[in-house]
Every structure is written in structure tokens, then in C-alpha cells.
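The structure appears below as C-alpha cells.
Naming convention: chains lettered A, B, ... in sequence-line order (proteins, then strands); numbering from 1 in each chain.
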Amino acid sequence: MKCQFCEKPATFHITELTEPAGPQVMHLCEEHAKGFLHKEASPPMTAIASALAKQLSQGSDDLEELDQKECPVCGISFFEFRNSGRLGCPYDYTHFEADLRPLLINVHDKTEHIGKKPTRSAGTADSLARMIGMRREMEEAIEREDYERASEIRDELKAMEDPIAPPANDSDETS
Amino acid sequence: MKREADFDELARYTGEWMRGEGPESDIVISTRIRLARNLADFPFIRRCSDEDRLSIERTVRARMESLTDQHWEAAQYVDLEPLSEIDRQLLVERQLISREIAESNGSRAVAFDAAEGYSVMVNEEDHLRIQVMKSGLDVKNTWEQVNRIDNMLEEVILYAFHPRYGYLTACPTNVGTGLRVSVMLHLPALVITEQMDRVFRSMQRINVTVRGLYGEGSQYTGDFYQVSNQVTLGHTEADLLALVGDEVAPKIIEYERKAREALLKNNRDDLHDEVSRAMGILSTARKISSEETMHHLSKIRLGISMGLIDQLDVKVINQLFLQSQSAHLQKLQGRILGTAERHARRASFLQHHLTGKEGLWN
């Protein structure tokens with residue numbers, strides 16, 4: 001059996017009794033077990049690790065295949081996310097949607113936001129991805145001293161940032 | 001918004017949130033709410049290039065400077081990258097910035113107001129971390145202020161928001177509302193009566209985390225515990241605020257009060273002895289570490305709250321908690337001190353403030 005955090009063999013099998021969802025078994029290599037036992041792993045990492053452990057023990061996606069999946073916008077692999085506990089860009093929530101959902105359920109017990117909404121929004125996940133791509137293109141244009149193209153992109157980005165009709169908003173005010 | 005901050009001046013005062021007032025302030029130190037937000041057109045920090053980070057910092061600064069809100073005018077904007085380690089540490093001790101942002105690299109900044117009611121970290125784990133702190137248990141007012149700052153920033157910054165998942169954050173444990181409400185409690189009686197384990201266990205069943213004073217992964221020092229919501233997605237802000245502010249914190253306060261009453265009833269002499277000894281050590285020690293200081297100040301604070309010490313104000317103790325920490329001590333001395341020297345200066349600083357004697361201080 002492999003460690004949940006890396007490719008090394010899992011030599012430590014730790015049962016975490018304090019998880020809200022009940023006892024969780026963690027399979028870790030020596031190095032990661034040390035980190036875990038010395039509480040170096042911050043609480044979010046612990047939550048993510050145990051959620052993923054549960055997901056895998058339930059026989060979901062083949063881990064090796066999933067680990068190689070990469071976001072087309074920021075290039076982060078699922079492996080990198082699993083190791084760091086941090087995503088690479090807003091589009092990851094769309095690209096890894098099916099893979100993240102069990103984790104969201106484990107951590108939050110819910111998958112849908114019902115709280116505050118901003119009064120303006122970039123629209124869809126695709127437009128968020130497009131904006132990140134355009135910004136990168138703008139930086140490349142500046143680098144090759146194509147200032148005309150860079151300023152065109154800047155104007156486009158600015159237009160995209162301008163207020164768009166707010167999404168349906170019924171729970172904005174909370175106190 | 002001002003572009004400079006006087007750190008020597010900052011070290012001389014405690015923030016508004018440490019004044020030791022507000023509801024339940026005998027047990028509750030402070031209420032803090034933070035919102036995690038990200039810009040729509042940049043990758044999250046982990047996948048940002050140095051140029052991206054610089055560009056985020058510049059964009060946010062320019063947008064913040066364009067704000068004309070009167071409450072925002074007192075804000076100071078501090079670029080953390082060129083700042084000395086000791087000044088960054090000073091901001092950590094005041095909880096205006098996190099340890100993580102202090103110790104990271106690259107473009108990063110903080111905007112905060114002079115009375116330190118709020119701070120906005122730029123390029124922490126998320127592009128923006130907006131936080132407001134208030135003295136005592138005051139979830140409602142803290143939320144109103146943080147929400148107002150969020151609304152104000154939202155007018156000039158386009159956030160990464162997903163119709164289904166809400167405010168998108170670098171870590172999926174913050175997604176949705178991006179909201180973390182934390183109440184800092186002083187629970188010495190529960191610690192003395194060995195009931196903290198029971199409190200921990202009961203909290204874990206209801207999606208609340210309990211941590212030590214300086215946040216994630218820290219050792220518990222000085223009997224201070226932070227209670228905060230664990231989940232951020234699938235609940236309204238109002239629900240999360242109510243969970244911590246109306247449900248959990250009042251329950252722990254009640255436990256602590258009962259433990260204090262029991263201590264007074266059954267172990268008054270022992271408790272009085274312990275409090276007096278703490279006072280004795282801090283009034284006479286010639287060298288002392290910050291951990292030991294925290295430990296004894298905690299006992300003195302308990303003694304004041306329980307009427308066992310009457311010549312001291314809790315405000316003074318809060319001030320000593322803050323100013324006896326390393327960076328504050330060094331700022332007040334106006335120079336860098338080695339460990340041994342720090343321990344000696346700390347002892348004389350405490351002696352001076354607890355006994356009124358000049359001692360070796362200044």
C-alpha cells in the first residue's frame with residue numbers, strides 16, 4: 001500500500017479518532033507519519049487527507065490516473081493538490097469538479113453555496129478561465145514588446161471586469 | 001489610505017480589540033472574523049509567478065487607494081516584502097498578519113487601520129484575507145464591519161465566484177462563504193479542573209475547531225483557546241455566526257464560569273496561593289521566557305476576574321501579554337536583543353508594570 005501523500009510505501013497506519021465523521025484510518029510513509037503525529041500537518045491538511053483516504057477506501061477513481069490529471073488553465077496536477085492541499089486557480093473547481101465533490105462532502109457535508117453573493121460577477125467558470133488566460137497572454141505580449149496587443153487585451157479584460165448583471169441574490173444581507 | 005506606518009509608535013499601544021472590554025470580557029478576549037477572497041483574473045497563490053504576485057499587489061493597492069470611504073482613510077498600507085523581520089514579527093504579535101505571510105516570500109502586503117479594528121492581507125494563502133477583530137464576544141458588530149469592508153472592496157475588485165461553490169479559495173476547506181469566525185477564550189479554570197478534553201470532544205461533534213492562541217499548529221500557551229467554525233460551504237453567513245457566537249461560545253463560557261465557581265468554593269485557598277505565586281514570580285524574577293510569562297499572566301488574569309487581586313486592571317494584563325512578546329520588547333527598547341538579554345529585559349519590564357518600581361526598565 002502506498003502513502004496517501006506520496007509514492008513511498010505506507011508503513012504507518014494511524015487511526016484518527018477525533019475526526020467529526022468518526023474514526024479515519026490514515027496510511028502514511030514514515031516521513032509523512034512523523035509530520036502528522038507531530039501536528040505539523042495543519043488542520044485543513046488533516047481534513048483533506050482523511051477525506052481523501054475515505055474516498056479512496058471507498059474505491060473511487062484510480063488514484064494513479066487521477067493524480068496525473070492536470071488543469072488546462074493553471075497546469076496543477078491532482079497529485080500536486082493532494083500533496084499541498086492548495087488548488088492552483090479558480091478553474092480547478094470546474095476541471096476537478098467530480099474529483100473534489102466527495103472531498104467537499106467530507107469536509108463541509110454540503111456542496112452548494114447558499115450564502116452571500118457578490119453584486120457583480122465574472123459570469124461563468126469559463127470566463128474566469130478566459131480572464132486568467134488573457135492576463136497571461138497580455139504579460140507575454142509585454143515581454144515581446146508588442147504593446148499594441150497588450151493594451152488591446154488590457155481593454156478586453158477591463159470590459160470583462162465591468163459590472164455585469166448580478167446573479168440571483170436573495171441572501172446577501174446577513175447579520 | 002496612508003503608505004507608511006510608524007512601528008515604534010505601534011509597539012507602545014495595544015489595539016482596540018485588546019482593551020479588555022465588551023460582552024463577557026472576563027472570559028472572552030476577542031472576536032475575529034475573516035473572509036477569504038481571490039481576484040477573478042489571477043491563478044491562486046500557489047500557481048502565481050513572481051510577476052503575478054507583484055501584479056496582484058499593485059492592482060489591489062491601486063484599487064484600495066481609489067476608495068473614498070471615510071472609515072478607510074485611516075488605513076495604513078504596508079508592503080511586507082522590504083520590511084525588517086522584527087517589524088513583521090511585531091505585526092504577527094498584534095495579529096494583524098499571520099505567521100505564514102510573515103515568513104513567506106515575494107510580493108505581499110497588509111492594509112490595517114490605526115486603531116487596528118481591521119486588516120486586509122494581500123497575497124496570503126488567498127489573494128485577500130479580510131479580518132476584523134473586536135474586544136469581548138461581539139459577533140454581530142464584527143460581522144457588520146467585515147461585511148462592509150468586503151462590500152467596499154468588491155466594488156473595485158472582481159472576485160473569483162462560482163454560482164455553485166461560492167467564493168473560490170485556494171484551499172477547499174474555505175470555499176463557499178470563505179468565512180471563519182473565531183472567538184478567543186481564556187479558560188484557565190477548565191484547564192485547572194482538567195475538563196478541556198471534554199470540551200474538545202463535545203466541540204468536534206458539532207463542526208467547530210478549538211486551537212491555541214496563535215492559530216494553526218501552535219502549542220497551547222497561557223490557557224487561551226480559539227473556537228471557530230470548521231465548515232464554510234452550504235451554510236449562510238448568519239448560520240455560521242450563530243453557531244459560534246450564539247451556540248458554542250456561550251456554552252463554553254458557561255462551563256468556564258461553573259469551573260470558576262467550583263474552584264472558588266472548593267479550592268479557594270489553593271487558587272489564591274497559585275495566583276499570588278504567579279504575581280510573586282512576575283514581580284521579582286530577573287529573567288523570564290515568554291512562555292513562562294504567558295503562563296503566569298494567565299493566572300493573574302484569572303485572579304483579577306475572580307476578585308482575588310484587586311489592585312490591577314485586566315487592561316494592564318492584556319497590555320503585558322502583548323508587549324512582553326519578543327518583537328514588542330525589542331521595539332520598545334529600540335534595539336535587537338539576544339535571547340538572554342530579552343529574558344532579562346522582559347523580567348524588568350514586567351516588574352516595572354506590576355509593582356510600579358522603575359527597576360532596570362528604561
Side-chain angles (χ1 to χ4, degrees), chain A residues 18-20 39-45 47-48 71 73-76 80-81 84-94 97 100 103-104 107-122 124-125 127-128 131-132 134-136 139 157 160-162 167-168 171 173-175, chain B residues 35 38 40-49 51-52 55 125 140 143-144 147 150-151 154-155 157-179 200-201 204-207 209 211 216-217 219 230-241:
Chain A
T18 56
E19 284 300 311
K39 296 280 171 204
E40 276 165 20
S42 60
M45 268 313 281
I48 291 171
C71 169
V73 176
C74 69
I76 198 171
E80 190 184 335
F81 161 67
S84 66
R86 305 290 180 268
L87 293 163
C89 77
Y91 191 70
D92 292 349
Y93 282 95
T94 302
E97 188 165 13
L100 287 173
L103 192 151
L104 292 177
V107 173
H108 301 281
D109 200 28
K110 299 267 169 39
T111 57
E112 227 156 304
H113 176 62
I114 57 165
K116 183 179 177 179
K117 290 169 184 166
T119 50
R120 61 201 186 102
S121 135
T124 62
S127 46
L128 283 178
M131 286 173 84
I132 294 172
M134 280 165 66
R135 178 167 293 283
R136 196 155 288 163
E139 278 160 13
L157 268 172
M160 288 180 82
E161 274 199 34
D162 275 339
S171 55
E173 286 304 312
T174 12
S175 60
Chain B
L35 294 173
N38 286 280
D41 52 346
F42 286 91
F44 295 143
I45 293 296
R46 191 173 174 84
R47 300 296 286 188
C48 272
S49 62
E51 291 75 28
D52 285 337
S55 188
E125 179 184 305
K140 186 175 176 287
W143 164 250
E144 274 171 14
N147 192 34
D150 184 44
N151 289 342
E154 188 203 297
E155 280 181 28
I157 293 166
L158 188 68
Y159 289 148
F161 183 86
H162 188 289
R164 181 177 182 133
Y165 301 116
Y167 293 94
L168 301 179
T169 53
C171 184
T173 55
N174 295 319
V175 77
T177 56
L179 178 142
F200 278 120
R201 279 202 302 275
Q204 271 152 353
R205 280 199 291 272
I206 49 172
N207 283 334
T209 46
R211 290 186 202 139
E216 293 175 11
Q219 289 290 315
Q230 209 166 36
V231 300
T232 54
L233 179 67
H235 300 266
T236 63
E237 285 79 1
D239 287 345
L240 297 173
L241 300 175

Is B:R46 paired with A:E80 through a side-chain N to carboxylate O contact shorter than 4.0 Å? yes
Side chain, backbone, both or neither: which part of B:L179 has a heavy atom under 4.5 Å from chain A? neither
Taking B:D52 first and then A:R135, would you say they form a salt bridge - that is, a charged N and a carboxylate O separated by under 4.0 Å? no
Among A:C71, A:G75, A:C74, A:P90, who wins on heavy-atom pairs under 4.5 Å with chain B? A:P90
Residues in salt bridge (charged side-chain N to carboxylate O under 4.0 Å, His left out) with B:E51, at least two apart? none
Give a yes or no on whether the backbone of A:T119 and the side-chain of B:E154 come within a donor-acceptor separation of less than 3.5 Å. yes
To the nearest 0.5 angstrom, please state how far the CZ atom of B:F44 sits from the CZ atom of A:F81. 11.0 Å
In terms of heavy-atom contacts, B:P43 and A:C89 come closest through CA-CB, 3.9 Å
Give the member of A:T111, A:V73, A:L104, A:D109 that has the highest number of heavy-atom pairs under 4.5 Å with chain B. A:T111
Grab the two heavy atoms, one from B:V231 and one from A:V107, that are nearest each other, plus how far apart they are. CG1-O, 3.4 Å
Find the distance between NE2 (A:H113) and CZ (B:F161) and round it off to the nearest 0.5 Å. 4.5 Å
Under 3.5 Å, is there a donor-acceptor pair between the B:Y165 and A:E97 side chains? yes
For the student: nearest non-hydrogen atoms of B:A160 and A:L128, plus distance: CA-CD2, 4.2 Å
Is B:E125 paired with A:R86 through a side-chain N to carboxylate O contact shorter than 4.0 Å? yes
Search all heavy atoms of B:L168 against all heavy atoms of A:Y93 and return the closest pair with its distance. CD2-CD1, 3.6 Å
Lys/Arg-Asp/Glu bridge criterion (N-O < 4.0 Å) met for B:E237, A:K116: no
Option that, when pairs with chain A are counted at under 4.5 Å, heavy atom only, ranks first among B:V175, B:N38, B:I157, B:I45: B:V175
Backbone N or O of B:L233 within a donor-acceptor pair of the A:H108 side chain at under 3.5 Å? yes
Over all atoms of both residues, closest heavy-atom pair of A:I132 and B:A40: CG1-O, 3.9 Å
Checking heavy atoms, do the side chain of B:H162, its backbone, both or neither come under 4.5 Å from chain A? side chain
Are side-chain heavy atoms of A:L87 and B:C171 found at a separation under 4.5 Å? no
Heavy-atom pair count under 4.5 Å with chain A, highest-scoring of B:S49, B:G166, B:S55: B:G166
Heavy-atom proximity to chain A below 4.5 Å, by part of B:T169: both
Between A:I114 and B:G234, which heavy-atom pair has the shortest distance, and what is it? CD1-O, 3.5 Å
Measure the spacing between CG of B:D41 and CE of A:M134 and express it to the nearest 0.5 Å. 9.0 Å
